[in-house]
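A short write-up of the structure that comes next.
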Protein chains: 2
Amino acid sequence: MTTLGYAILGLLSREDLSGYDLTQRMKGRVGYFWSARHSQIYPELARLEEGGYVTHSVVEQQERPDKKVYGITAEGLEALREWAVQPPVPKPTRDELVLKAYSVWLADQEEAARMFRGEESRHGEQLAHYEELRAWMEGEWGEDLANPESHRFATYATLRRGITYEMGAAEWCRWVADSIEGERSGEKEKQRGARS
Amino acid sequence: MTTLGYAILGLLSREDLSGYDLTQRMKGRVGYFWSARHSQIYPELARLEEGGYVTHSVVEQQERPDKKVYGITAEGLEALREWAVQPPVPKPTRDELVLKAYSVWLADQEEAARMFRGEESRHGEQLAHYEELRAWMEGEWGEDLANPESHRFATYATLRRGITYEMGAAEWCRWVADSIEGERSGEKEKQRGARS
DNA sequence: GTACCATATGTCAGAACTGACATAAAGGAT
DNA sequence: ATCCTTTATGTCAGTTCTGACATATGGTAC
């Protein structure tokens, strides 16, 4: 079983979905911490079905093409339950923005500051979006969020990780940009004046 | 040019290194935000040389096998400078631990809490290691850290991102574990007593 | 009428990466 | 002697993922 397989099972444990629906979910909420294109999802569904983790039934529709709706089996649910408590195999972090920071000392300082300000915005916007979702969940799902055996608690938990992550990323970008500009507006005042 | 190519150039812009040295660096400091095995590094070095970004010279050694020491070229340095200020193409986040949290509502609560406590420790230890490095850098490199055109500033900047990341991860793991155990020691007191 | 869009399901070539296999020199341990 | 470890460089098969190609239905916009 691949991790993508468990991502799909995680969605199907909440509701029955078609391959197309799964693709949409992967762009939306679940896509915040796992993502996949339909070109990965359809073959994976076939493998899951072959392994007995899911089954499908064809649903005929009038106003749009027919679809295959997948549901999780008892075996699929059991596999998911067991996988969820196994410590993940530590996978190496790969963050291209941090890699760029590693070479920022060679770069044009003005362009570098602009780039990090831009990334700060990107992460800030994602954070704002998450905070909206959080407010909505806390208002709408109130009691469920205290129950770790509710799927809503689980969804909320993943959102909280997203919030911490984006906050950390945005603050770090701001610190990098400030550090670069702090230096420029200090010792390098003359060069800056000459340029503008 | 691949991202791995820029990771290698980032290291070679600081000092000349052999393929073996690069592999070691990828396990250590640089490995905190980008990593690669030697099976990726040797072919990539060949491609970089073919593209004119690096050159190598063979260094003969007595007490160990001969080695190829690579150095960055002017073209390589220029490519790196330009790449460093281009906003990264947003790549989807994939965090298996968060994916597990998404299905934690189905899991055995006791095992789940244990798993998240374990992950909290792992991140906590990595954080402690980073904090040690940070103290060392701040003591040893003091003045350089205020100069964004120093490679030491760049190294320090990446370390700071690592610290924020691990802190966020560890705190989130603790929150998840607390949430699960908070519930168990409350409403489910009886079940717990029966089990132990 | 035709061009585009959302829904719906699939395949395939190529890139990036992992883990195993392969070779070799020199030193240290048993 | 034999084995293990470190240094050193390489290949290769298989997995995961991306981006493009491919096809089909039915509604809406021009």
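This is a predicted model, so every value here is computed, not measured. Every chain is numbered from 1, with letters handed out A, B, ... down the list of sequences.
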* Structure fact -> Closest to the 5' end of DNA chain D, once A:A36 and A:E63 are matched to their nearest nucleotides, is A:A36
* To do: Would you give a per-nucleotide map of nucleotides 4-13 of chain D, 5' to 3', where B means the base has a protein non-hydrogen atom under 4.0 Å away, S means only the sugar-phosphate does, and - means neither?
  => ---BBBBBB-
* Using a heavy-atom cut-off of under 4.0 Å over every strand shown, decide if A:T2 touches base, sugar-phosphate, or nothing. => sugar-phosphate
* To do: Look at the side chain of A:R14 and the backbone N and O of A:H151, then say whether any donor-acceptor pair between them is shorter than 3.5 Å.
  =>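 Yes, A:R14 side chain to A:H151 backbone: donor-acceptor pair under 3.5 Å.
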* Asked: Is B:K100 reaching over with its side chain to a backbone N or O of A:V85, donor-acceptor style, under 3.5 angstrom?
  -> no
* Any side-chain N or O of B:R37 less than 4.0 Å from the OP1 or OP2 oxygen of C:dG19? -> yes
* Within the 6.0 Å centroid threshold, strictly below: A:Y165 and A:F33 ->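 No, too far apart.
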In whole Å, what is the span from the [atom1] atom of [X] to the [atom2] atom of [N]?
X     : N      : atom1 : atom2 : answer
A:L17 : C:dA8  : CG    : P     : 11 Å
B:Q62 : C:dG27 : CD    : P     : 10 Å
B:R47 : C:dG14 : CZ    : P     : 15 Å
A:I41 : C:dC12 : CD1   : P     : 19 Å
B:I8  : C:dA16 : CD1   : P     : 12 Å
A:L22 : C:dT7  : CG    : C1'   : 14 Å

* To do: Kindly assign one of parallel, tilted or perpendicular to the pair B:H56 and B:Y70, based on the angle between their ring planes and the thresholds 30° and 60°.
  =>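 Taking B:Y70 first and then B:H56, their aromatic rings sit tilted (interplane angle of 30° to 60°).
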* Without hydrogens or angle criteria, can the side chains of B:E171 and A:T164 be said to hold a donor-acceptor pair below 3.5 Å? -> no
* Given A:R29 and A:L159, is the side-chain contact (heavy atoms from CB on, under 4.5 Å) satisfied, shown in steps? -> CA-CA 9 Å; A:R29 292 215 187 136; A:L159 178 68; over 6 Å; no
* For residues B:L12 and B:I72, report the shortest heavy-atom separation together with the two atoms involved. => O-CG2, 3.7 Å
* To do: Check A:V30, A:T3, A:L45 against A:I8 for a side chain to side chain contact (heavy atoms under 4.5 Å, CB included) and give me the one that passes.
  =>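 Among A:V30, A:T3, A:L45, the one meeting side chain to side chain contact (heavy atoms under 4.5 Å, CB included) with A:I8 is A:L45.
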* To do: Please confirm whether A:R161 makes a cation-pi placement over B:Y102, using NZ or CZ under 6.0 Å from the six-membered ring centre and within 45° of the ring normal.
  =>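 Not satisfied by the 6.0 Å and 45° rule.
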* Return the residues of residues 79-100 of chain B meeting this criterion: a heavy atom under 4.0 Å from some atom of DNA chain D. Order them by number, or give none. => B:P92, B:R94
